[in-house]
Enquirer: 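Here it is, the structure in full.
Just so it is clear, the structure is predicted and the values come from calculations on it, not from any experiment.
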Amino acid sequence: MSEAASSSSTPASSSKPNDPAVEDIEKLLSREATAFQREMEVERILKAFKLNPYEILDINEDATPEEIKKKYRHLSLFIHPDKAPHPRAPEAFDLLKKAESDLSDKTKREELDAVINQARVMLLRTHNLPPNTRADDPRLKNLTPPWRQQFLAQAKQLLIDEEVRRRKAVKMNLANEGLEARKKEEEANAKKRKAEEEAQWEETREQRVGSWRTFAANSKKKKKTKVQILG
């Protein structure tokens with residue numbers, strides 16, 4: 001009777017939580033889950049709108065500089081190319097670095113926030129809401145699509161428009177710089193030609209003077225000959 005009880009208790013002891021085999025499987029599953037999460041985060045970063053650092057870092061627009069740095073450190077460690085198996089992890093890592101750098105630059109962040117705030121005001125106006133309406137306002141809770149989705153779409157459009165304007169301005173500046181450079185080059189070439197012409201004029205001065213003297217002497221001889229014939 002006691003042997004039966006002993007034998008029946010053996011299988012139960014093999015499934016204890018501290019069984020090495022069970023612990024190994026749990027660790028393996030945990031590692032696989034973590035690797036999967038790393039890959040999913042890399043995918044999220046790669047799909048995020050590249051002109052919106054907040055979206056890349058997955059952080060609210062009112063985040064403090066300390067919160068931004070903390071989020072960046074967490075994500076950069078989590079999807080670091082040495083840890084994340086995703087083949088595009090280095091690209092995602094670079095996007096994170098640029099996003100954090102842009103938000104750490106006071107001027108760049110102010111310019112970004114101005115565009116994003118404009119998107120918020122424009123979207124609130126379409127819903128007949130005052131511009132100071134907060135994102136957690138009950139009136140924004142049951143919108144379709146959700147408020148956050150609409151807001152990111154509106155911000156994306158304005159950021160694209162701003163980027164197009166910026167690139168046009170850069171292109172125009174480059175064109176103006178090229179025009180100015182060509183103008184300066186033409187002026188320099190004109191000065192060079194003038195200097196060469198003046199130098200050549202000086203070099204042929206003696207030749208011109210000699211030619212003039214010869215011409216003058218020949219003219220005098222012809223006049224004397226005519227006088228003799230008339231006499």
Side-chain angles (χ1 to χ4, degrees), residues 37-81 84 86 88-180:
Q37 290 169 353
R38 293 183 196 276
E39 292 202 356
M40 291 297 293
E41 185 61 20
V42 169
E43 286 291 336
R44 184 198 67 76
I45 293 170
L46 294 173
K47 291 178 181 178
F49 181 49
K50 305 301 184 291
L51 296 178
N52 191 345
Y54 294 111
E55 190 172 337
I56 294 173
L57 287 170
D58 192 25
I59 196 168
N60 289 332
E61 292 74 21
D62 58 356
T64 64
E66 292 73 22
E67 290 172 335
I68 291 172
K69 290 185 180 298
K70 183 178 179 180
K71 188 63 178 288
Y72 167 71
R73 284 195 295 267
H74 169 72
L75 290 179
S76 61
L77 289 173
F78 190 65
I79 61 105
H80 195 281
H86 198 292
R88 296 180 66 188
E91 183 181 345
F93 187 76
D94 288 341
L95 288 172
L96 276 181
K97 285 197 295 185
K98 185 178 185 307
E100 191 273 338
S101 175
D102 287 345
L103 292 181
S104 296
D105 186 307
K106 184 179 179 182
T107 301
K108 287 185 178 180
R109 186 175 183 184
E110 287 177 350
E111 292 173 353
L112 174 67
D113 288 348
V115 177
I116 288 179
N117 186 60
Q118 183 184 359
R120 180 185 292 106
V121 171
M122 289 175 64
L123 189 57
L124 287 170
R125 189 179 298 132
T126 63
H127 292 291
N128 297 317
L129 293 172
N132 60 347
T133 303
R134 293 175 55 86
D136 57 357
D137 191 288
R139 291 170 292 183
L140 302 178
K141 292 297 182 183
N142 299 318
L143 295 178
T144 304
W147 163 257
R148 184 68 181 173
Q149 184 178 338
Q150 293 186 42
F151 168 63
L152 289 177
Q154 183 70 46
K156 179 178 181 178
Q157 185 58 55
L158 291 188
L159 287 170
I160 289 174
D161 293 343
E162 188 67 23
E163 180 66 10
V164 170
R165 282 193 293 269
R166 186 191 69 81
R167 294 192 180 194
K168 284 183 178 179
V170 170
K171 187 175 181 180
M172 186 176 294
N173 287 337
L174 290 175
N176 290 336
E177 289 175 1
L179 182 63
E180 186 67 22

Enquirer: Is the backbone N or O of P145 less than 3.5 Å from a side-chain atom of Q150, with the two atoms forming a donor-acceptor pair by type?
Expert: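 Here the side-chain-to-backbone pair exists.
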Enquirer: Report yes if some heavy atom in the side chain of L112 is under 4.5 Å from a heavy atom in the side chain of L159; otherwise report no.
Expert: yes
Enquirer: When rounded to the nearest 0.5 angstrom, what distance separates CG in L140 from CG in L124?
Expert: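 Nearest 0.5 Å value for the CG-CG distance: 6.5 Å.
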Enquirer: When rounded to the nearest 0.5 angstrom, what is the spacing between CD1 in I68 and CD in E66?
Expert: 9.0 Å
Enquirer: Test of understanding: with side chain to side chain donor-acceptor pair (under 3.5 Å), list the residues that count as partners of N132, not counting sequence neighbours.
Expert: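 Counting only residues at least two positions away or on another chain, N132 forms no side chain to side chain donor-acceptor pair (under 3.5 Å).
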Enquirer: Distance check, rounded to the nearest 0.5 Å: L75 atom CG versus D58 atom CG?
Expert: 7.5 Å
Enquirer: In Å, rounded to the nearest 0.5 Å, how long is the span from NZ of K156 to CD of E163?
Expert: 13.5 Å
Enquirer: Between NZ of K171 and CZ of R167, what distance do you get to the nearest 0.5 Å?
Expert: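 If I round to the nearest 0.5 Å, the distance is 11.5 Å.
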Enquirer: Measure the shortest side-chain to side-chain distance between L158 and D161 over non-hydrogen atoms and say whether it is less than 4.5 angstrom.
Expert: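 Result yes, sub-4.5 Å side-chain heavy-atom pair found.
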Enquirer: Applying salt bridge (Lys or Arg N to Asp or Glu O under 4.0 Å) as the test, list every pair that has at least one member in residues 114-134; sequence neighbours left out.
Expert: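 Matches after skipping sequence neighbours: R134-D136.
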Enquirer: Please enumerate all residues that pass salt bridge (charged side-chain N to carboxylate O under 4.0 Å, His left out) together with E43, with sequence neighbours excluded.
Expert: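 Testing E43 for salt bridge (charged side-chain N to carboxylate O under 4.0 Å, His left out), a comparison that skips the adjacent residues, returns none.
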Enquirer: Locate the shortest heavy-atom distance separating V42 from A92; write the atom from each residue and the value.
Expert: CG1-CB, 3.9 Å
Enquirer: Write down the atom of P53, the atom of D102, and the distance for their closest heavy-atom approach.
Expert: CG-CB, 4.1 Å
Enquirer: Only counting residues at least two apart or in another chain, list the ones meeting side-chain contact (heavy atoms from CB on, under 4.5 Å) with R139.
Expert: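 R139 satisfies side-chain contact (heavy atoms from CB on, under 4.5 Å) with L129, P130, T133, D137 only.
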Enquirer: Sorted by first residue and then second, give each side-chain hydrogen bond (donor to acceptor under 3.5 Å, both in side chains) pair with at least one member in residues 68-79; sequence neighbours left out.
Expert: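 Output for this query lists K69-E100.
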Enquirer: Which residues pass the salt bridge (charged side-chain N to carboxylate O under 4.0 Å, His left out) test with K97, not counting sequence neighbours?
Expert: D94
Enquirer: How long is the straight-line distance from CG of L57 back to CD of E67, given to the nearest 0.5 Å?
Expert: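 It comes to 12.0 Å.
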Enquirer: Residues two or more places apart in sequence or in another chain: which of them pass salt bridge (charged side-chain N to carboxylate O under 4.0 Å, His left out) with D62?
Expert: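 By the salt bridge (charged side-chain N to carboxylate O under 4.0 Å, His left out) rule, D62 matches no residue at all.
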Enquirer: The test is side-chain contact (heavy atoms from CB on, under 4.5 Å); show your working for L123 and T126 and say whether it passes.
Expert: CA-CA 5 Å; L123 189 57; T126 63; 3.7 Å; yes
Enquirer: Does any pair with a residue in residues 44-55 pass side-chain hydrogen bond (donor to acceptor under 3.5 Å, both in side chains), and if so which ones, sequence neighbours excluded?
Expert: E41-R44, Y54-R109, Y54-D113
Enquirer: Mark yes when over 12 heavy atoms from residues, nucleotides or ligands other than N176 sit less than 6.0 Å from its CG; otherwise mark no.
Expert: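 Enclosed: over 12 neighbouring heavy atoms sit under 6.0 Å from CG of N176.
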Enquirer: Can you sort out the partners of E162 under salt bridge (charged side-chain N to carboxylate O under 4.0 Å, His left out), two or more places apart, ordered by chain and number?
Expert: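 Checked E162 against salt bridge (charged side-chain N to carboxylate O under 4.0 Å, His left out); matches are R165.
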Enquirer: Any salt bridge (Lys or Arg N to Asp or Glu O under 4.0 Å) pairs touching residues 140-149, not counting sequence neighbours?
Expert: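 Output for this query lists E61-R148.
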Enquirer: Assess whether side-chain contact (heavy atoms from CB on, under 4.5 Å) is satisfied between L152 and F49, documenting all intermediate values.
Expert: CA-CA 9 Å; L152 289 177; F49 181 49; over 6 Å; no
Enquirer: Give every residue pair that meets the ring pair (Phe, Tyr, Trp, His ring centres under 6.0 Å) criterion with at least one member in residues 89-128, sequence neighbours excluded.
Expert: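 Listed once each, the pairs are H80-F93.
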Enquirer: Search all heavy atoms of A84 against all heavy atoms of I79 and return the closest pair with its distance.
Expert: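 Nearest pair, atom of A84 first, then I79: CB-O, 3.8 Å.
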Enquirer: Who are the side-chain contact (heavy atoms from CB on, under 4.5 Å) partners of P138, not counting sequence neighbours?
Expert: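 Scan of P138 (side-chain contact (heavy atoms from CB on, under 4.5 Å), adjacent residues dropped) gives none.
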